[in-house]
Amino acid sequence: MAKKPDKEAPAPEGEEGAEGEAPAKKKPPILIIAIAAGVLVLGGGGAAAFFLLKPKPAAEAGEHGEKKEEKKEKKKEEKKEEKKDGEKGAEGAAGTPVIKEGPDGIVFYTLPDIVVNMQTADGKSTFLKLKLTFELPDEETADELTPNLPRLQDMFQTFLRELRPEDLNGSQGTYQLRVELLRRVNLVAAPAKVNAVLIEEMLIN
């Protein structure tokens, strides 16, 4: 009788090891390559994002500077419009100052007409009418004066009522009136300063 073939001899350990370890040896290099590629992609993307999204100080400063200049221009335009409105209002309604630009950057600030009842020796009613204009160094002084206009008018009324018609006689009387009015308006305008008080009209009746 023929002998049954013996069980296949086991493959040599070296061959089994080679066949079984081959896949295991291939996996680590694939993983390392994948990880390295991922790191490169993420690193490259991060670097690109950093450089592209990084704010540019110079550009930002330029934009802020432009915005500030635009705001200043808008404020100047608004002030001009307010002045025009003020001039129109002064023409149509009493109690509104008129602000006009003068030569060499000065500003003329014309008050509403002031009318007061003066004291007289014989007790007769005598009225003084004044039209005053202040010479201001800049627009900022005008902006500070306007909110204080009621206080300024009250101060002038109180002072002028104490005067007598003879106090205003001649050039000396007019000069003294200017000095006193200038001193009082500078008390209200401080720390700003008014250059001069101009008497455009003075009537005593």
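Basis for what follows: all heavy atoms, side chains included, without hydrogens, waters or symmetry-related copies. Residues take their numbers from the sequence shown, with the count starting at 1.
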Notebook entry, point to check: Between CG of Leu181 and CG of Leu160, what distance do you get to the nearest 0.5 Å?
Noted result: 6.0 Å
Notebook entry, point to check: Hey, mind stepping through Leu163 and Val116 against side-chain contact (heavy atoms from CB on, under 4.5 Å) and telling me if it holds?
Noted result: CA-CA 10 Å; Leu163 296 178; Val116 296; over 6 Å; no
Next item on the list: Could you pull out the closest heavy-atom pair between Glu201 and Leu203, with the gap in Å?
Entry: OE2-CD1, 3.3 Å
Next item on the list: Please list all pairs passing the salt bridge (charged side-chain N to carboxylate O under 4.0 Å, His left out) test where one or both residues lie in residues 144-156, with sequence neighbours left out.
Entry: none
Check: Is Phe127 atom CZ crowded by more than 12 heavy atoms from other residues, nucleotides or ligands, each under 6.0 Å away?
Finding: yes
Check: How long is the span from the CZ atom in Arg161 to the CZ atom in Phe156, to the nearest 0.5 Å?
Finding: 14.0 Å
Note to self: Is the shortest side-chain heavy-atom distance between Leu168 and Met118 below 4.5 Å?
What the structure shows: yes
Check: In the single-linkage hydrophobic clustering (I, L, V, M, F, W, Y; side-chain heavy atoms under 4.5 Å), do Met202 and Leu152 co-cluster?
Finding: yes
Notebook entry, point to check: Linking I/L/V/M/F/W/Y whenever any side-chain heavy atoms sit under 4.5 Å apart, do Phe108 and Val188 land together?
Noted result: no
Next item on the list: Write down the atom of Ile99, the atom of Ala142, and the distance for their closest heavy-atom approach.
Entry: CD1-CB, 4.2 Å
Note to self: Is any side-chain heavy atom of Val194 closer than 4.5 Å to one of Leu145?
What the structure shows: yes
Note to self: The criterion is side-chain hydrogen bond (donor to acceptor under 3.5 Å, both in side chains); which residues satisfy it with Thr146, sequence neighbours excluded?
What the structure shows: Tyr109
Item checked: Pairwise distance CG(Asp167) to CD(Gln176) - rounded to 0.5 angstrom -> 9.5 Å
Checklist line | ILVMFWY cluster, Leu130 and Ile204 together (side-chain gap under 4.5 Å) | finding: yes
Note to self: As an exercise, state the distance from OG1 of Thr96 to CG of Leu149, rounded to the nearest 0.5 Å.
What the structure shows: 9.0 Å
Check: Is a donor on one side and an acceptor on the other found under 3.5 Å between the side chain of Asn186 and the backbone of Lys193?
Finding: no
Margin query: If I take atom CG from residue Asp143 and atom CG from residue Leu136, how far apart are they, to the nearest 0.5 angstrom?
Written below: 10.0 Å
Note to self: side-chain contact (heavy atoms from CB on, under 4.5 Å), that's the test. Do Asp113 and Lys129 meet it? Break it down for me.
What the structure shows: CA-CA 7 Å; Asp113 291 348; Lys129 181 182 178 182; 3.4 Å; yes
Notebook entry, point to check: Is the shortest heavy-atom distance from the side chain of Ile199 to the side chain of Arg178 under 4.5 Å?
Noted result: yes
Margin query: Applying a strict under-4.5 Å side-chain criterion to I, L, V, M, F, W and Y, I'd like to know whether Val98 and Ile106 cluster together.
Written below: no
Margin query: Nearest 0.5 Å, please: how far is CD1 in Ile114 from CG in Leu132?
Written below: 4.5 Å
Note to self: Thr133: which residues meet the side-chain hydrogen bond (donor to acceptor under 3.5 Å, both in side chains) condition with it, sequence neighbours left out?
What the structure shows: Thr110, Glu200
